[in-house]
Amino acid sequence: MSRFWSPFVKDLVPYVPGEQPKLARLVKLNTNENPYGPSPKALQAMHGELNDNLRLYPDPNSDRLKQAVAEYYGVTPAQVFVGNGSDEVLAHIFHGLFQHARGPLLFPDVSYSFYPVYCGLYGIPFEQVALDEQFQIRVADYNRPNAGVIFPNPNAPTGCLLPLQAIEQLLQANRDSVVVVDEAYIDFGGETAISLVDRYDNLLVTQTLSKSRSLAGLRVGLAVGHPDLIEALERIKNSFNSYPLDRMAIVGAAAAFEDRAYFEATRRKVIDSREALVGQLLAKGFEVLPSAANFIFARHPGQDAAQLAARLREQGVIVRHFKQERIAQFLRITIGTPEMNQALIDALS
Ligand SMILES: *Cc1c(COP(=O)(O)O)cnc(C)c1O
């Protein structure tokens, strides 16, 4: 802190990302990255972009990528926004769509811990709505005046899925505010709400290429919704950074969307490994919440979660532990390859 800071900076509470260890030999099950590499076609497309063209700015509108996303989901490019990771897309959403006098922004009490951080950054009042005892979202609890609603589906860090039908109820009850469904993990077991954007002009769906498309290092995220919502995001983006996606990111992300076969094969492997790992953890006495994501949320009735995480780390396996009271006895474990998952089971044994 110094006298040169703008006053609001001293009150900021930044997000703390999961550890990115410098030691390569650790089994890394802590930040929900994909254990398989990106599509070889995406890598090839990026290699093809490494040339003298890098002296030129990229396409500020990322049209090539918007086209690929629009084709994949059967929407128009005017319904697609892209940004530098979905975290940046979410930041623009908070900034441009959630500042209203009608009431607070609503999101679950157990949810993505970046949401309250953006509220702090943009001065947005919010209320955290308690999940039920099974850690499920109760949509009826969101039937009250609000400046907007946001939740991940499947939820993070629980992995629990809200069915499309319940999302539709929520949309109908909140016609006057924007409902954002953060689908960072939807490809691992849910059905996307993008099928509802033509019927609900208050729906915005966000996704990332960091998880199911194995490109966390590239930083690409997107939103799909009514063109009027997209236009608000474009205005913010063009008032902040004209070129959030570089030349490599645009072609790599587009190629990743076009390589459906690789996408289907790798996500199937992750889903199958998840089911196998859940079985092994249940056999060890863990309680595991039903997961539709590439991670599971588990607790052991006889072991303190923080201690368990520390002892796993000593054995070279890192998982994520959150201090928040309601979930302090849970561990969030990313699904790895069968070998990585076995290393976890061996360490627990
Ligand atoms: C990982 C994650 C994101 C952010 O993804 P990036 O595109 O890597 O910024 C957003 N929301 C949730 C719920 C996530 O878990």
Side-chain angles (χ1 to χ4, degrees), residues 14-20 28-35 38 42 62 65 69 80-95 98 105 107-119 121 128 131 135 137 148-162 167 179-190 192-193 204-224 233 237 241 244-246 249-250 252-253 256-257 267 270 274 289 291-297 319-320 322 324 327 330 332-335:
Y15 177 74
V16 183
E19 182 191 1
Q20 293 293 344
K28 192 172 177 307
L29 303 177
N30 68 330
T31 52
N32 298 343
E33 288 136 330
N34 200 307
S62 302
L65 175 56
V69 173
V80 180
F81 179 78
V82 296
N84 191 264
S86 64
D87 285 340
E88 185 187 79
V89 176
L90 289 168
H92 293 340
I93 291 171
F94 277 67
H95 202 177
F98 286 160
L105 175 68
F107 50 86
D109 63 337
V110 176
S111 187
Y112 188 34
S113 42
F114 225 133
Y115 300 158
V117 174
Y118 291 133
C119 288
L121 178 59
Q128 292 172 294
L131 298 175
F135 292 92
I137 290 172
V149 175
I150 184 167
F151 59 94
N153 196 43
N155 198 6
T158 64
C160 299
L161 185 74
L162 189 67
I167 292 176
V179 174
V180 177
V181 184
D182 177 352
E183 294 189 345
Y185 303 103
I186 196 70
D187 295 323
F188 299 106
T192 177
L204 201 53
V205 178
T206 63
Q207 292 195 355
T208 173
L209 280 82
S210 298
K211 280 87 183 221
S212 59
R213 287 188 171 78
S214 305
L215 288 167
L218 198 63
R219 311 305 303 129
V220 184
L222 59 101
V224 180
L233 302 180
K237 171 249 175 193
N241 177 3
L245 268 66
D246 59 52
I250 293 169
F257 262 98
R267 81 163 162 167
V270 172
R274 178 183 71 214
L289 296 190
S291 171
N294 69 337
F295 59 85
I296 52 177
F297 207 47
V319 299
R320 188 97 194 253
F322 297 91
Q324 187 188 340
I327 54 173
F330 280 88
R332 192 196 66 189
I333 304 169
T334 304
I335 306 302

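Each ligand, and each atom within it, is numbered from 1 in the order the structure gives.
- Near Asp87, meaning under 4.0 Å from any of its heavy atoms, are these atoms of ligand 1: 3 (C), 4 (C), 9 (O), 10 (C).
- The protein heavy-atom contact nearest to atom 2 (C) of ligand 1 is Lys211 NZ, 2.4 Å.
- Remark: minimum distance from atom 9 (O) of ligand 1 to any protein heavy atom is reached at Arg219 NH2, 2.8 Å.
- Looking at ligand 1, you won't find any N or O of Tyr112 less than 3.5 Å from one of its N or O atoms.
- Inspection of the Lys211 and Thr208 side chains reveals no N or O donor paired with an N or O acceptor under 3.5 Å.
- Closest heavy-atom contact between Gln207 and Ile186: NE2-CG2, 3.6 Å.
- Every atom of ligand 1 with a heavy atom of Thr208 under 4.0 Å away is listed here by number and element: 5 (O), 6 (P), 7 (O), 8 (O).
- Atoms of ligand 1 found under 4.0 Å from any heavy atom of Tyr185 (numbered from 1 in listed order, with element): 1 (C), 14 (C), 15 (O).
- The shortest contact between atom 13 (C) of ligand 1 and any protein heavy atom is with Asp182 OD2, 3.4 Å.
- For the side-chain hydrogen bond (donor to acceptor under 3.5 Å, both in side chains) criterion with Tyr185, the lone passing option out of Asn153, Asn294, Asn32 is Asn32.
- Residues Phe107 and Phe98 keep their aromatic ring centres 6.0 Å or farther apart.
- For ligand 1, the atoms lying closer than 4.0 Å to a non-hydrogen atom of Ser86 are 3 (C), 4 (C), 5 (O), 6 (P), 7 (O), 9 (O), 10 (C).
- The atoms of ligand 1 that sit less than 4.0 Å from any heavy atom of Gly85 are 7 (O), 9 (O).
- The shortest contact between atom 8 (O) of ligand 1 and any protein heavy atom is with Ser210 OG, 2.6 Å.
- Without hydrogens or angle criteria, Gln324 side chain to Asp109 main chain gives a donor-acceptor distance under 3.5 Å.
- Taking the centre of each ring, Tyr112 and Tyr115 come in below the 6.0 Å mark.
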Test log, rule side-chain contact (heavy atoms from CB on, under 4.5 Å), inputs Asn84 and Asn241 | CA-CA 10 Å; Asn84 191 264; Asn241 177 3; over 6 Å; no
